[in-house]
Protein chains: 2
Amino acid sequence: MKRVTLLDVARHAGVSRATASLVVRNSPLVSSATREAVEKAIAELGYVYNLGAARMRASRSQTVGVIIPNLTNPFFAVLLSGIESVLEKAGFAVILANSYDSPVKQDMFVGRAREHGVDGLIVCPAAGTEKRFIEDALKWGMPIIQTLRAVPGTVTDYSGMDQHDGMHEAVNCLYEFGHRKIGYIASTLYHSAHTERLAKFREAMSARGLEPLFVRHLESTHQAARMAVPEIMNQRIRPTALLCHNDVLALGLHRGLCDLGVMPGRDVSLIGFDNVAETDLVIPGLASVATEPFKVGESAANLFLRRIQQPDAEFLTKVEPTYFVQRGSCGPVRDFADA
Amino acid sequence: MKRVTLLDVARHAGVSRATASLVVRNSPLVSSATREAVEKAIAELGYVYNLGAARMRASRSQTVGVIIPNLTNPFFAVLLSGIESVLEKAGFAVILANSYDSPVKQDMFVGRAREHGVDGLIVCPAAGTEKRFIEDALKWGMPIIQTLRAVPGTVTDYSGMDQHDGMHEAVNCLYEFGHRKIGYIASTLYHSAHTERLAKFREAMSARGLEPLFVRHLESTHQAARMAVPEIMNQRIRPTALLCHNDVLALGLHRGLCDLGVMPGRDVSLIGFDNVAETDLVIPGLASVATEPFKVGESAANLFLRRIQQPDAEFLTKVEPTYFVQRGSCGPVRDFADA
DNA sequence: TGGCGCGTTTAGATCGATCTAAGTGTCAAA
DNA sequence: TTTGACACTTAGATCGATCTAAACGCGCCA
């Protein structure tokens, strides 16, 4: 039982290999009569196009390497979904890698992706990725799109989100509710999204003449956040509001606060980032800055398609807006001294 | 700027193409002296192995097509993670597809995967997948592993979970708490996991001499579940406990019940399935039957590796155990007639 | 000296497509 | 009748690796 090749198809249809090749590539150069004959032969023989062989000669592989730091984080899963949906429509296959935020794993995968002859890479760089990583790709002439995070000091196509509006709206809301003692809960992973969000926070605060009460770094899991609550709330100066780097941390804190009998929105205000589906699940609902990872993923994929078509086009940055979504976890300040 | 080929490497090292090929394939046939020379040449020229060309001759592509119904469901994202982690270690590249539970999309992807020359498929079949889908793959000699769901009437390697223990423990817990009027919330998607879980529920119920109070089908989203609560609770005979097909539904109901002022665990008992991270987030915590999607994914990938090595081995089924995790949402029955 | 075995190396065919450049046949214009 | 344009078709080289089968150098034994 041997594989059916284009030559078999050609013979069966009574044409040459070259003509059959033109048919499978939808070339306008063939007459409709021969096209039909070849297509009939293809169907009859159950021919399967061999992209591997085609790629070798034509050097286009119709595959893209996609590197995501952590698939189990729903936020990234949705990002990936957005990327996949666009590439799928464009006829590209997604070769996936989970970097676990490890630059070493990331390097390994890129090596493998090159062996597979991918047409390019879409990467959300692992925390701590070196500049060299991006520079190498550019040196090899490998199209590379960065998304959500960008390695500092590098210039490539980039798809991310504009944290400015959402963060300002969030801080503004807290300010209007009378909050002045606002703490920031960051994650322990260092990457550009982290840095940028924190910077936007400081900026929004100082625009209101405020200083952050503190910035605390926690491992980005529900559990770690939940556990950290007592320590956070029993500081010398107690915060009246907490703003978190993401919803994973915020939801963990939400639960931790409830454990202590401290009611989010009444006793302390809490705001997350990402507006994941679960924000609506807890009581009171978690106020959060909405970002649209699916759209960011789509943009990243579109930037990739653009770069494939115009390899020498100038680098582009696309950002999706963010906006604050108010829910019960954010409310007027309440001075504990009164109680 | 041309691509560096094995021939370039060979010339640079002063050996033949064939010898260089033996080196890159780690053949024991080459002397260590020539091996070193070739490896030096590879490093100096920055040679990148061309898997595409290799595959064509050797017909092993080191790629696997993985089809998942819905990436944005964290449960599947974790499954995918498990699959990826094993395949990555084994040197396989994952070509990913999101079927959105559409058999048509699924077919399209398989076509593309064949063109890419994947060595096999790992599939969680879309709801409504026809028998033909699996039979075709077998006919083509394409190794195929089914995971989590299996197309009825087909026999392949399969990695899933044993729903029996968890379901019996859950029903048992409800029974001990005095619940007799137990409703089941199913999803609107029909596939084997759905059917099997419902069957296990009926089985566990009748083992205790009970009949399900009702079986209600809902779209598997937080929102749909939340909205359905009033209707579910205002039936002629009010359920004292609800068991759900998955945690998405259960968490939606949890919130919907709270909206009505009906407290899970006190006024009505609620049990989910999957034990996702969010079960710990809501108050009271959501009791749930734990399943281990990461392990199921690992098993699926291992079954695949086994089949590649032994194409004619008998079909194997691997199941991960499930177990009930008790939390606050499940408590003693409370008769509303008393209130 | 010739023949044999052993470890290593190699030339040349091959995988299945695409590309190039040349070759059909047909028809209208010169 | 020749010419050229046009629409289509094709033989053969080619991509970059692997495979096969043969050859090489060397030592050993008859």
Side-chain angles (χ1 to χ4, degrees), chain A residues 1-39 41-42 45-63 91 93 112 114-119 140, chain B residues 1-39 41-42 45-63 91 111-112 114-119 140:
Chain A
M1 182 160 127
K2 268 199 49 162
R3 169 161 207 149
V4 179
T5 80
L6 204 47
L7 183 57
D8 301 325
V9 169
R11 273 205 274 258
H12 194 258
V15 298
S16 76
R17 206 168 61 245
T19 307
S21 174
L22 291 174
V23 171
V24 296
R25 282 179 288 155
N26 283 317
S27 160
L29 291 178
V30 286
S31 70
S32 53
T34 42
R35 154 153 291 130
E36 268 173 42
V38 172
E39 275 167 357
I42 287 177
L45 298 180
Y47 166 73
V48 178
Y49 186 68
N50 184 332
L51 236 160
R55 141 180 1 176
M56 191 159 84
R57 193 74 235 287
S59 56
R60 62 180 156 84
S61 78
Q62 299 287 97
T63 57
R112 189 168 298 161
R114 289 179 79 199
E115 296 187 351
H116 277 282
V118 297
D119 290 339
W140 299 326
Chain B
M1 183 160 126
K2 270 199 46 155
R3 172 162 204 146
V4 179
T5 80
L6 205 46
L7 182 57
D8 301 325
V9 169
R11 273 206 274 259
H12 194 259
V15 298
S16 76
R17 206 166 63 245
T19 308
S21 175
L22 291 175
V23 171
V24 297
R25 282 179 289 154
N26 283 317
S27 161
L29 291 178
V30 286
S31 68
S32 54
T34 43
R35 154 153 288 130
E36 268 171 41
V38 172
E39 275 166 356
I42 288 177
L45 297 179
Y47 166 74
V48 178
Y49 186 68
N50 184 332
L51 234 160
R55 141 180 3 175
M56 190 159 83
R57 195 66 182 64
S59 57
R60 63 179 155 84
S61 78
Q62 300 288 96
T63 56
R112 189 167 300 161
R114 289 179 78 200
E115 295 186 352
H116 277 283
V118 297
D119 291 339
W140 300 326

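Residue A:T34 places none of its side-chain N or O atoms closer than 4.0 Å to OP1 or OP2 of D:dC8. The side chain of A:T19 places an N or O atom within less than 4.0 Å of a non-bridging phosphate oxygen (OP1 or OP2) of D:dT10.
To the nearest 0.5 Å, the span separating CZ on B:R55 from CD on A:E115 amounts to 11.5 Å. Here the CG atom belonging to B:L6 is positioned 9.0 Å from the OG atom belonging to B:S16, to the nearest 0.5 angstrom.
A heavy-atom distance below 4.5 Å is found between the side chains of A:H116 and B:T63. Inter-residue side-chain proximity for A:N26 and A:R35 is flagged as met; some heavy-atom pair is nearer than 4.5 Å. Here the side chains of A:V9 and A:V24 are not in contact, with every heavy-atom distance at 4.5 Å or above.
Rounded to whole angstrom, the span from the CG atom of A:L6 across to the P atom of D:dT9 amounts to 14 Å. Between A:L7 atom CG and D:dT9 atom C1' the separation is 15 Å, expressed in whole Å. B:R17 places its CZ atom 13 Å from the C1' atom of D:dT20, with the value rounded to the nearest Å.
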- Given side chain to side chain contact (heavy atoms under 4.5 Å, CB included), test B:T34 with B:V23 step by step and report yes or no. CA-CA 8 Å; B:T34 43; B:V23 171; 5.7 Å; no
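As judged by a 4.0 angstrom heavy-atom cut-off over every strand, A:A54 is placed among residues touching the sugar-phosphate backbone only.
Toward the 5′ end of DNA chain D lies the nearest nucleotide of A:A20, the other residue of the pair A:A53 and A:A20 mapping further downstream. For B:S32 and B:M56, each mapped to the nucleotide of DNA chain C holding its nearest heavy atom, the one lying further toward the 5' end belongs to B:S32.
Note that the first and last nucleotides of DNA chain C, 5' to 3', having any atom under 4.0 angstrom from a heavy atom of chain B are C:dT8 to C:dG16.
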